[in-house]
Amino acid sequence: MGEKLEIMNLQMFINSSLKHNRSSQNYPNGDFYNVFEEVEYPYYGNYLAQYRDAYNAIHGYLSLAFCIFGITANLLNIIVLTRRNMISPTNAILIGLAVSDILVMSSYIPFTYHHYIRTGLTEEEKFSYDWAIFTLFHQHFTIVSHTISTWLTVTVAIWRFLAVRFPSHAGVWCSMYRAKVAILATYIVCPIFGLPGYLTSTIKEDHEGNTVLYLIFFSNISQRHNKLIQKITFWISSVIMKLVPCVALTGISVGLIKVLYERKLLRQRLRADVDRNHDRTTRMLLVVLMLFLITEFPSGLLALLSGILGTDFFNHVYTNFGETMDALALVNNAINFIIYCTMSQLFRNTFANLFLPSFFKTPSTIVSASTV
């Protein structure tokens with residue numbers, strides 16, 4: 001039948017076959033833990049499997065809560081950032097980021113509900129052909145949408161670095177036209193990079209007695225030429241979609257911190273406010289970048305180690321952290337609204353003026369266009 005696709009997490013293939021979940025269902029009285037205790041797996045895989053099994057009991061509810069909050073929060077981001085006083089090239093990119101985050105979480109809601117929250121389903125119901133089709137769509141759709149979010153985050157970082165490091169050229173280099181081109185290019189190029197992944201997996205029947213299950217397997221074409229397409233997909237997912245953005249954001253963040261420090265010294269020397277509002281915006285975006293690195297870098301590092309150390313590390317370490325990395329990614333998708341409200345007075349004022357006008361008297365300065 002071919003090698004089963006042990007799908008990892010939402011960035012790397014979305015746990016479609018849920019092999020571990022199926023195994024744990026066969027030990028309803030807790031004997032599942034005893035099985036792992038009897039065998040010592042590499043990289044403490046038996047203990048990590050117990051952790052995964054325990055966490056999966058709450059993963060569905062946590063991820064559903066993250067998605068509902070995140071979709072609502074990102075819709076509010078779009079509404080606020082599209083107000084006339086908020087229109088700017090950087091905010092346009094943040095709107096594109098909010099849209100891609102909504103796409104990720106919208107697809108994850110039915111997936112997590114069906115596989116982690118619904119109870120009492122037979123395996124035939126849980127792994128029906130219709131759900132296999134959705135899972136295959138979800139696998140590719142969320143990877144592409146998350147990759148778009150990743151590279152739009154890098155784009156925001158580049159935009160901000162150019163604006164604060166080369167302010168005299170910012171009007172030309174970081175124009176609204178170029179921002180729109182960058183957003184459009186990201187939404188076009190990321191699906192193209194996903195082409196090898198589309199060829200990697202397929203739906204196949206798995207016969208267990210009189211029961212027919214429909215699971216996600218590696219496709220036949222992915223296994224040809226010494227699994228060339230499978231290997232290309234893995235390195236695109238782990239390097240281009242993860243490690244390269246993380247390394248780029250680390251370098252840009254260091255550059256932004258250096259610029260902020262230089263501006264602080266300049267203010268102290270001149271005893272004057274030098275672009276203090278721009279510095280606040282830069283600090284806010286730095287928080288966004290740092291949160292991205294905290295939530296994304298671990299999965300990128302584990303993916304790279306899987307490629308270096310091989311199947312044992314992937315099966316016993318990476319796979320057992322799959323749902324945890326999903327949750328971290330969903331937190332990153334959902335949290336920007338809180339960061340904007342906490343660190344941007346302009347965003348707070350615009351939000352209050354739109355939704356809570358009778359409770360807050362917002363200052364007249366909200367009519368001036370700026371980034372959040």
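If you're wondering where the values come from, they're calculated on a predicted model, not measured in any experiment.
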Strictly distance-based, threshold 3.5 Å: is any side-chain N or O of [X] a donor or acceptor partner for the main-chain N or O of [Y]?
{"X": "D53", "Y": "A49", "value": "no"}
{"X": "T147", "Y": "C190", "value": "no"}
{"X": "N91", "Y": "I87", "value": "no"}

List the steps and the verdict of side chain to side chain contact (heavy atoms under 4.5 Å, CB included) for T295 and L291.
-> CA-CA 6 Å; T295 56; L291 178 65; 4.2 Å; yes
Listed by chain and number, what are the side-chain hydrogen bond (donor to acceptor under 3.5 Å, both in side chains) partners of [X], not counting sequence neighbours?
{"X": "Y198", "result": "none"}
{"X": "H316", "result": "none"}
{"X": "S100", "result": "S149"}
{"X": "T324", "result": "Y51"}

Check each of V287, I338, L285 against M343 using the side chain to side chain contact (heavy atoms under 4.5 Å, CB included) test, and report the only one that passes.
-> V287
Got a sec, which hydrophobics cluster with V247, joining ILVMFWY side chains under 4.5 Å apart, including via others?
-> none
How is the hydrophobic cluster of V254 composed, in terms of its other members, when Ile, Leu, Val, Met, Phe, Trp and Tyr link through side-chain heavy atoms under 4.5 Å apart, directly or indirectly?
-> none
Hey, could you give me each pair passing ring pair (Phe, Tyr, Trp, His ring centres under 6.0 Å) that has a residue in residues 294-313? Not counting sequence neighbours.
-> Y43-F313
Closest heavy-atom pair and its distance - F234, A303 | CZ-O, 2.9 Å
Can you pull the side-chain hydrogen bond (donor to acceptor under 3.5 Å, both in side chains) pairs that have at least one residue in residues 245-254, sequence neighbours excluded?
-> none
Does any pair with a residue in residues 60-72 pass side-chain hydrogen bond (donor to acceptor under 3.5 Å, both in side chains), and if so which ones, sequence neighbours excluded?
-> S63-T112
Applying side chain to side chain contact (heavy atoms under 4.5 Å, CB included), name anything that partners Y129, two or more places apart in sequence or on another chain.
-> I133, I203, Y214
By ring pair (Phe, Tyr, Trp, His ring centres under 6.0 Å), which residues pair with F137, not counting sequence neighbours?
-> F141
Contacts of W173 meeting ring pair (Phe, Tyr, Trp, His ring centres under 6.0 Å) (sequence neighbours excluded), chain-then-number -> F166, H169
For F193, look at atom CZ and say whether over 12 heavy atoms of other residues, nucleotides or ligands are found less than 6.0 Å away.
-> no
Distance in Å, N74 CG paired with I102 CD1, rounded so as to fall on 0.5 Å steps | 5.0 Å
Y108 ring center near H138 ring center (under 6.0 Å) | yes
Would you sort out whether V288 and F292 count as a side chain to side chain contact (heavy atoms under 4.5 Å, CB included), showing the intermediate values?
-> CA-CA 6 Å; V288 174; F292 177 89; 5.8 Å; no
